Amino acid sequence: MIVESKTQNFYKKLEENVTSDKFIWFFPPKRYNGKEFSGVFDKKDFKIHFNSVYKAYRLIDAIGSYKRKGNCYEVDYEIKENGLKFKYILMIMVLLIIIVNTFQFFENADLNLIAGIDFIFLIFFSFISLVHFLITKKVKKDLKKKFEEIFEITANS
């Protein structure tokens, strides 16, 4: 999405509001340093997310580029989920179902028991997926709102 930022110096605003990521991203920061975002940026591109101890807030990124256009900046950005992490979780869930089914089948070959366990896993994984979807939707909305507020972004008309 291409929008305009009324900020006088977009790079300076990034420096003021973004702290650099730690080398190992999945460890939350030791203390909150007062900056709203964490990530990487340079003179034309950025990839930032909330600076939070909650991992769910660190999985959604604002990714984009910016360039000067007259007395304001033209910002092309999108809010994206770093979906690779969630895909790993889903693969682990499927692998867990396969392992449990195999173990139960060789243990007592009771197909009714295996079907019952599968049903419980299905309900559990459906619940986890629904919670993940709702949290992701809320974090995306919050990140977009905070990003547009701090960087004084208005939509092009």
Side-chain angles (χ1 to χ4, degrees), residues 1-100 118-157:
M1 156 185 349
I2 299 176
V3 294
E4 278 188 4
S5 172
K6 300 294 184 195
T7 256
Q8 296 301 317
N9 188 341
F10 198 86
Y11 184 77
K12 185 176 183 206
K13 199 74 146 170
L14 281 168
E15 286 180 328
E16 292 171 358
N17 292 291
V18 178
T19 185
S20 64
D21 270 339
K22 305 298 179 219
F23 179 67
I24 303 174
W25 69 266
F26 52 84
F27 290 127
K30 298 289 185 212
R31 62 185 168 85
Y32 185 73
N33 61 4
K35 295 188 178 186
E36 289 291 331
F37 301 106
S38 178
V40 294
F41 61 91
D42 59 22
K43 295 285 186 184
K44 59 182 179 175
D45 299 312
F46 60 89
K47 181 178 179 182
I48 59 176
H49 49 265
F50 276 119
N51 184 18
S52 174
V53 295
Y54 300 112
K55 290 190 188 340
Y57 277 78
R58 299 176 65 81
L59 294 177
I60 310 295
D61 295 324
I63 303 170
S65 60
Y66 61 96
K67 63 182 175 183
R68 190 143 186 80
K69 183 180 176 186
N71 62 349
C72 59
Y73 282 85
E74 184 178 82
V75 181
D76 182 16
Y77 79 97
E78 61 182 321
I79 307 295
K80 284 179 67 173
E81 176 182 0
N82 190 341
L84 190 59
K85 294 168 191 82
F86 188 64
K87 289 177 185 174
Y88 286 141
I89 293 170
L90 287 177
M91 288 183 346
I92 290 170
M93 288 180 189
V94 170
L95 186 62
L96 184 63
I97 287 176
I98 292 170
I99 290 170
V100 167
D118 284 348
F119 182 73
I120 291 170
F121 274 124
L122 179 65
I123 296 296
F124 176 72
F125 293 150
S126 298
F127 175 74
I128 294 298
S129 296
L130 177 65
V131 168
H132 172 75
F133 172 76
L134 294 174
I135 289 173
T136 300
K137 188 174 179 179
K138 181 186 180 329
V139 172
K140 281 183 178 179
K141 180 180 170 188
D142 291 348
L143 180 62
K144 183 177 188 320
K145 180 180 175 189
K146 186 59 86 171
F147 180 75
E148 289 177 350
E149 176 185 311
I150 287 177
F151 294 98
E152 303 170 21
I153 291 180
T154 58
N156 286 341
S157 336

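Since this is a predicted model, take the numbers as computed values, not measurements. The figures here come from the full heavy-atom set of this structure, side chains too, leaving out hydrogens, waters and symmetry mates.
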Worksheet entry | Counterpart residues, side chain to side chain contact (heavy atoms under 4.5 Å, CB included), relative to S65 (two or more places apart) | D45, D76
Worksheet, complete the sentence: Across all chains, not counting sequence neighbours, the side chain to side chain contact (heavy atoms under 4.5 Å, CB included) partners of K146 are E36, F37, F50, E149, I150
Discussion item. Could you report the tightest heavy-atom contact between T7 and E152, atom names first, then the distance?
Written reply: N-OE1, 3.6 Å
Worksheet item: Quick check: are there more than 12 heavy atoms from other residues, nucleotides or ligands sitting under 6.0 Å from CG of N71?
Response: no
Fill in: Spacing of CG belonging to D61 relative to NZ belonging to K80, to within rounding of 0.5 Å
9.0 Å
Worksheet item: Would you say S5's side chain and Y73's backbone share a donor-acceptor pair under 3.5 angstrom?
Response: no
Discussion item. Quick one, F147 and F46 - any side-chain contact, counting heavy atoms below 4.5 Å?
Written reply: yes
Response to the item:
Looking only at heavy atoms, the pair that brings G39 and H49 closest together is CA-CE1, 4.4 Å
Fill in: A62 to I79 - nearest heavy-atom pair and separation
CB-CD1, 3.8 Å
Worksheet item: R58 and S52: which non-hydrogen atoms are nearest, and at how many Å?
Response: CD-O, 3.2 Å
Item to complete: Starting at CD1 of I92, measure out to CD1 of I99 and round the result to the nearest 0.5 Å.
Response: 10.0 Å
Practice prompt. Using the side-chain contact (heavy atoms from CB on, under 4.5 Å) rule, take F41 and V18 through it: C-alpha gap first, then chi angles, then the decisive distance, then the call.
Written response: CA-CA 9 Å; F41 61 91; V18 178; 3.8 Å; yes
Fill in: Close side-chain approach of I2 to E74, heavy-atom, < 4.5 Å
yes
Discussion item. Applying side-chain contact (heavy atoms from CB on, under 4.5 Å) to L14 and F151, what does each step give before you reach the verdict?
Written reply: CA-CA 8 Å; L14 281 168; F151 294 98; 3.6 Å; yes
Worksheet item: Quick one: CD1 on I135 to CG on D142, what's the gap to the nearest 0.5 Å?
Response: 11.5 Å
Worksheet entry | Sidechain-backbone polar pair: N51 side chain, K35 backbone, donor-acceptor under 3.5 Å | yes
Fill in: V75 vs F10 side-chain heavy atoms within contact, under 4.5 Å
yes
Item to complete: Return the set of residues passing side chain to side chain contact (heavy atoms under 4.5 Å, CB included) with E16 (not counting sequence neighbours), or none when no residue passes.
Response: K12, K13
Discussion item. To the nearest 0.5 Å, what is the distance between OG1 on T19 and CD1 on I48?
Written reply: 12.0 Å
Worksheet item: Looking at Y77 and E148, what are the two nearest heavy atoms and their distance?
Response: OH-OE2, 2.6 Å
Fill in: I63 versus K47, closest heavy-atom pair with distance
CG1-CG, 3.8 Å
